[in-house]
**Student:** 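Please read through the structure below; I'll follow up with questions.
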Amino acid sequence: MIYAGIDIGSITAKAALIEDNELLGTFTKLTGYDHLKAGNAVLDTLVDQTGICRKDIKAVVSTGYGRASIDFADKSMTEILCHGAGAHFLNPEIRGIIDVGGQDSKAILL
């Protein structure tokens, strides 16, 4: 099954596609003033680049500063939860994360 993650930050919008725990691709662009438009743009570009149909995406999760603006997302999560889950997935021994964003910075202990 294919899943999409969209991170709408204050500076950049990012999207990732994953199938069976394998990263299919990512795309990043400047967010601009319209978070929903940026979310659609990063996902549409990524779908085009990978050749996957948007209807084949089982679920979309949004995160980041503008996560609530992504009205087509099936679920919305804070970037802190996403950072922790992603770090643990990549390496269960990770115990700390530093996120330097466009608007704020966070130190996360796992």
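Note that the structure is a prediction, hence the values are computed from the model and not measured. Keep in mind that the numbers below use all heavy atoms, side chains included, and drop hydrogens, waters and symmetry copies. We count residues from 1, following the sequence as given.
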**Student:** Where the side chain of Lys14 meets the backbone of Thr12, is there a donor-acceptor pair that is under 3.5 Å apart?
**Tutor:** yes
**Student:** When rounded to the nearest 0.5 angstrom, what distance separates NE2 in His88 from CD in Glu93?
**Tutor:** 10.5 Å
**Student:** Begin from the C-alpha positions of Phe89 and Ile18 and carry the test side chain to side chain contact (heavy atoms under 4.5 Å, CB included) through to its verdict.
**Tutor:** CA-CA 13 Å; Phe89 174 79; Ile18 296 176; over 6 Å; no
**Student:** Consider only side-chain heavy atoms of I, L, V, M, F, W and Y, link residues closer than 4.5 Å, and tell whether Met77 and Ile70 are in one cluster.
**Tutor:** no
**Student:** With sequence neighbours excluded, tell me which residues meet ring pair (Phe, Tyr, Trp, His ring centres under 6.0 Å) with Tyr3.
**Tutor:** none
**Student:** Between Thr31 (side chain) and Gly9 (backbone), is there a donor-acceptor pair under 3.5 Å?
**Tutor:** yes
**Student:** Ile8 versus Arg67: any side-chain heavy-atom pair under 4.5 Å?
**Tutor:** no
**Student:** Please report the closest heavy-atom contact between Tyr65 and Glu79, naming both atoms and the distance.
**Tutor:** N-OE1, 4.3 Å
**Student:** What residues, two or more places apart in sequence or in another chain, satisfy salt bridge (Lys or Arg N to Asp or Glu O under 4.0 Å) together with Asp20?
**Tutor:** none
**Student:** Heavy atoms, side chains only, cut-off 4.5 Å: are Arg54 and Asn40 in contact?
**Tutor:** yes
**Student:** Can you name the closest pair of heavy atoms from Thr26 and Ala16 and give their distance?
**Tutor:** CG2-CB, 4.0 Å
**Student:** Determine whether more than 12 heavy atoms belonging to other residues, nucleotides or ligands lie under 6.0 Å from atom CD1 of Ile98.
**Tutor:** no
**Student:** Could you tell me which non-hydrogen atom of Lys106 sits nearest to which non-hydrogen atom of Ile80, and how far apart they are?
**Tutor:** CD-CG1, 3.7 Å
**Student:** Is any side-chain heavy atom of Lys29 closer than 4.5 Å to a side-chain heavy atom of Thr45?
**Tutor:** no
**Student:** Of the non-hydrogen atoms in Ala4 and Leu43, which two are nearest, and what is the gap between them?
**Tutor:** CB-CD1, 3.9 Å
**Student:** Indicate yes or no: at least one non-hydrogen side-chain atom of Asp48 is less than 4.5 angstrom from one of Phe27.
**Tutor:** no
**Student:** Quick check: are there more than 12 heavy atoms from other residues, nucleotides or ligands sitting under 6.0 Å from NZ of Lys37?
**Tutor:** no
**Student:** Between Phe72 and Ile57, is there a shared hydrophobic cluster once you connect ILVMFWY residues whose side-chain heavy atoms come closer than 4.5 Å?
**Tutor:** yes
**Student:** Would you kindly confirm whether Val42 and Ile52 end up in one hydrophobic cluster when ILVMFWY residues are joined by side chain heavy atoms under 4.5 Å apart?
**Tutor:** yes
**Student:** Taking all atoms of both residues into account, what is the closest heavy-atom pair of Ile108 and His83, and its distance?
**Tutor:** CD1-CD2, 3.8 Å
**Student:** Please say yes or no: joined through hydrophobic side-chain contacts below 4.5 Å, possibly via intermediate residues, are Leu24 and Val60 part of one cluster?
**Tutor:** yes
**Student:** Could you pull out the closest heavy-atom pair between Ile94 and Ala87, with the gap in Å?
**Tutor:** CD1-O, 3.7 Å
**Student:** Is any side-chain heavy atom of Gln49 less than 4.5 Å from a side-chain heavy atom of Leu46?
**Tutor:** yes
